[in-house]
Protein chains: 2
Amino acid sequence: MEGYTKTEEKIIEAATEIFLEKGKDGARMQEIAERAGINKALLHYYFRNKKNLHSEVFKKEVQNFFDGLFSAMSSEKDFEAVLQNFINSYIDKLAQRPEIIRFIIWEIQQGSGFFADLMEEIFKEHHFLKMPLAEKIEEAISVGRIRSLDPVQLTFSIIGMCVFPFIASPILEKVFRDTQIYSETFLKKRKEEIFNMVWNGISI
Amino acid sequence: MEGYTKTEEKIIEAATEIFLEKGKDGARMQEIAERAGINKALLHYYFRNKKNLHSEVFKKEVQNFFDGLFSAMSSEKDFEAVLQNFINSYIDKLAQRPEIIRFIIWEIQQGSGFFADLMEEIFKEHHFLKMPLAEKIEEAISVGRIRSLDPVQLTFSIIGMCVFPFIASPILEKVFRDTQIYSETFLKKRKEEIFNMVWNGISI
DNA sequence: GTCTATACATCGATAGAC
DNA sequence: GTCTATCGATGTATAGAC
């Protein structure tokens, strides 16, 4: 981590774990302090209050997630490769940090607009106008690579298919006792399934 | 609501609103009492503690959501109709109560297993063995109505596509200023888009 | 059943010594 | 920068009058 002192790093690290696990309201400053090996007073010395600390952690996590994702996208390639790559990257990223979904969903529906602003910022950093994948889809349509459809709708569909297994993993692993969501074989199969479904549905 | 006294009803109603909006940890018993027009003591008289009240509300909401959904499914029809019907019902249900997604996701990832148990119970009530849609897909494959594929994977895909727009609605309406997720036209278009994507991808 | 009053714990945040 | 001690607010929960 750059730009942080040793103590700040320890705090951020501890706060990330606790906020991801318990959420903003469920998290306790006391617990964060303990896990960081310091005391509450020092938390406030560095981050002033809980809201602030949470924002810092949230911003870092979201940026980290999407930076990796979008930087893998920017290179110009054939749309089939772009699609394949997007699905693979998204699933791999989610498998690394599945807790981030709940984190983001909570913040989104809080209605603060904080996440939306953050995303806009990240889009700009990567020189996208709005949603990266939607732009690529538009391109592919205009050059006749795929059939004409609503790029936004397709983007929703692809992301939805990628995200859902991670949202539902605890139930799914219970209902289907032999399904291990985080296993290499499942992830590979999932990637193929999404790609096939989409490509069958949109290719000319 | 059946089986509740007038006061219990008022409490459940108020608690539902507050829990859906602020979550289990963010909700305050004081606020629930005020909205119900009673005092804190009476909350504990009827529901003993916060955890209990939250469970009650959660169970009621989940049952209400899936009961409506599954009872619309049980009748035997051609798979194309079943699929169409499932997508339509799911989207309509979500449009009615979008807050339930966050509610459920939070509970799922809490790892208590409460939601999984609840779902199993609901499946049984409707005489399904595991996941309703997955069973219908298996049938359709075995009679050669659709191509052979993993029913669980397809189920994930369909639900993911239905749910995602509601998860992301606040950002989407910001990024695409002209997109009104809850408008009749958007919902209709979304249903068609999902059905077409799936049907193109699986029909023989 | 419903209220007021209050016990008791714990929270986020701060003051002040070092 | 880091600590101890503590404040004031607020949280859940209960006791006891009506």
Side-chain angles (χ1 to χ4, degrees), chain A residues 1-61 99 102-103 106-107 110-112 114, chain B residues 1-61 99 102-103 106-107 110-112 114:
Chain A
M1 288 186 269
E2 338 78 49
Y4 289 124
T5 68
K6 262 273 178 290
T7 307
E8 279 172 318
E9 262 185 45
K10 281 195 303 181
I11 294 173
I12 290 274
E13 204 172 315
T16 302
E17 286 175 28
I18 307 247
F19 278 132
L20 278 174
E21 186 190 342
K22 313 210 166 167
K24 185 158 136 192
D25 294 318
R28 297 295 153 218
M29 295 297 267
Q30 176 64 38
E31 198 181 351
I32 294 173
E34 276 167 20
R35 187 160 315 187
I38 53 156
N39 56 65
K40 278 192 296 177
L42 213 53
L43 280 187
H44 288 86
Y45 173 77
Y46 279 108
F47 294 94
R48 204 172 80 250
N49 58 39
K50 189 181 181 180
K51 189 172 180 297
N52 215 18
L53 178 57
H54 179 265
S55 296
E56 210 79 20
V57 167
F58 184 77
K59 191 172 174 176
K60 200 197 93 240
E61 283 296 304
E99 310 94 338
R102 179 168 71 159
F103 206 44
W106 195 259
E107 191 63 31
Q110 210 71 348
S112 71
F114 182 55
Chain B
M1 285 186 269
E2 337 80 51
Y4 289 125
T5 68
K6 263 275 178 287
T7 307
E8 279 173 318
E9 260 184 46
K10 281 194 303 181
I11 294 173
I12 290 273
E13 203 173 316
T16 302
E17 285 174 27
I18 307 241
F19 278 133
L20 278 174
E21 185 190 342
K22 314 211 165 164
K24 185 160 139 189
D25 294 318
R28 298 294 151 217
M29 295 296 266
Q30 177 63 41
E31 198 180 351
I32 293 173
E34 276 167 19
R35 187 162 314 189
I38 53 154
N39 57 64
K40 282 190 291 177
L42 214 52
L43 280 187
H44 288 87
Y45 173 77
Y46 279 108
F47 294 94
R48 206 173 78 249
N49 57 40
K50 189 181 180 181
K51 189 173 180 297
N52 216 17
L53 178 57
H54 179 265
S55 297
E56 211 79 19
V57 167
F58 185 76
K59 191 171 174 177
K60 201 197 92 239
E61 283 296 304
E99 311 94 337
R102 179 169 72 160
F103 206 45
W106 195 258
E107 191 64 30
Q110 209 72 348
S112 70
F114 182 55

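Letters A, B, ... are given to chains in the order of the sequence lines, protein chains preceding strands, and every chain is numbered from 1.
Nearest approach of B:Ile32 to B:Ala14, heavy atoms of both residues: O-CB, 3.7 Å. Taking each heavy atom of A:Ile11 and A:Ala36 in turn, the nearest pair found is CA-CB, 4.0 Å.
Of the residues in residues 53-60 of chain B, not one comes within less than 4.0 Å of DNA chain D through any heavy atom. Applying a 4.0 Å cut-off to non-hydrogen atoms, the residues of residues 4-27 of chain B that approach DNA chain C are B:Thr7, listed by residue number. Listed in residue order, the members of residues 30-46 of chain A having a heavy atom less than 4.0 Å from DNA chain D are A:Ile38, A:Asn39, A:Ala41, A:Leu42, A:Tyr45, A:Tyr46.
For the atom pair OG of B:Ser55 and CZ of B:Phe47, the computed distance is 11.0 Å after rounding to the nearest 0.5 Å. Rounding to the nearest 0.5 Å gives a distance of 13.5 Å between CZ of A:Phe58 and CG of A:Leu53.
Applying the side chain to side chain donor-acceptor pair (under 3.5 Å) criterion to B:Ser112, with sequence neighbours excluded, gives B:Glu107. Judged as a side chain to side chain donor-acceptor pair (under 3.5 Å), and not counting sequence neighbours, A:Glu56 has no contacts. Residues forming a side chain to side chain contact (heavy atoms under 4.5 Å, CB included) with B:Thr16 (at least two apart in sequence, or on another chain): B:Ile12, B:Leu20, B:Val57, B:Lys60, B:Glu61, B:Arg97. By the side chain to side chain donor-acceptor pair (under 3.5 Å) test, A:Glu8 pairs with A:Thr5, sequence neighbours left out. For A:Glu34, the side chain to side chain donor-acceptor pair (under 3.5 Å) partners at least two apart in sequence or on another chain are A:Gln30.
B:Lys50 places its NZ atom 9 Å from the P atom of D:dG11, with the value rounded to the nearest Å. Put simply, CZ on A:Arg28 is 11 Å from P on D:dG11, counting in whole angstrom units.
Sorted by first and then second residue, the side-chain hydrogen bond (donor to acceptor under 3.5 Å, both in side chains) pairs involving residues 19-28 of chain B (not counting sequence neighbours) are B:Lys22-B:Glu31. Contacts classified as side-chain hydrogen bond (donor to acceptor under 3.5 Å, both in side chains) and involving residues 35-54 of chain A (residues at least two apart or in different chains) are given here: A:Glu17-A:Arg35.
When DNA chain C is scanned 5' to 3' for any atom under 4.0 Å from a heavy atom of chain B, the first and last hits are C:dG1 to C:dT4.
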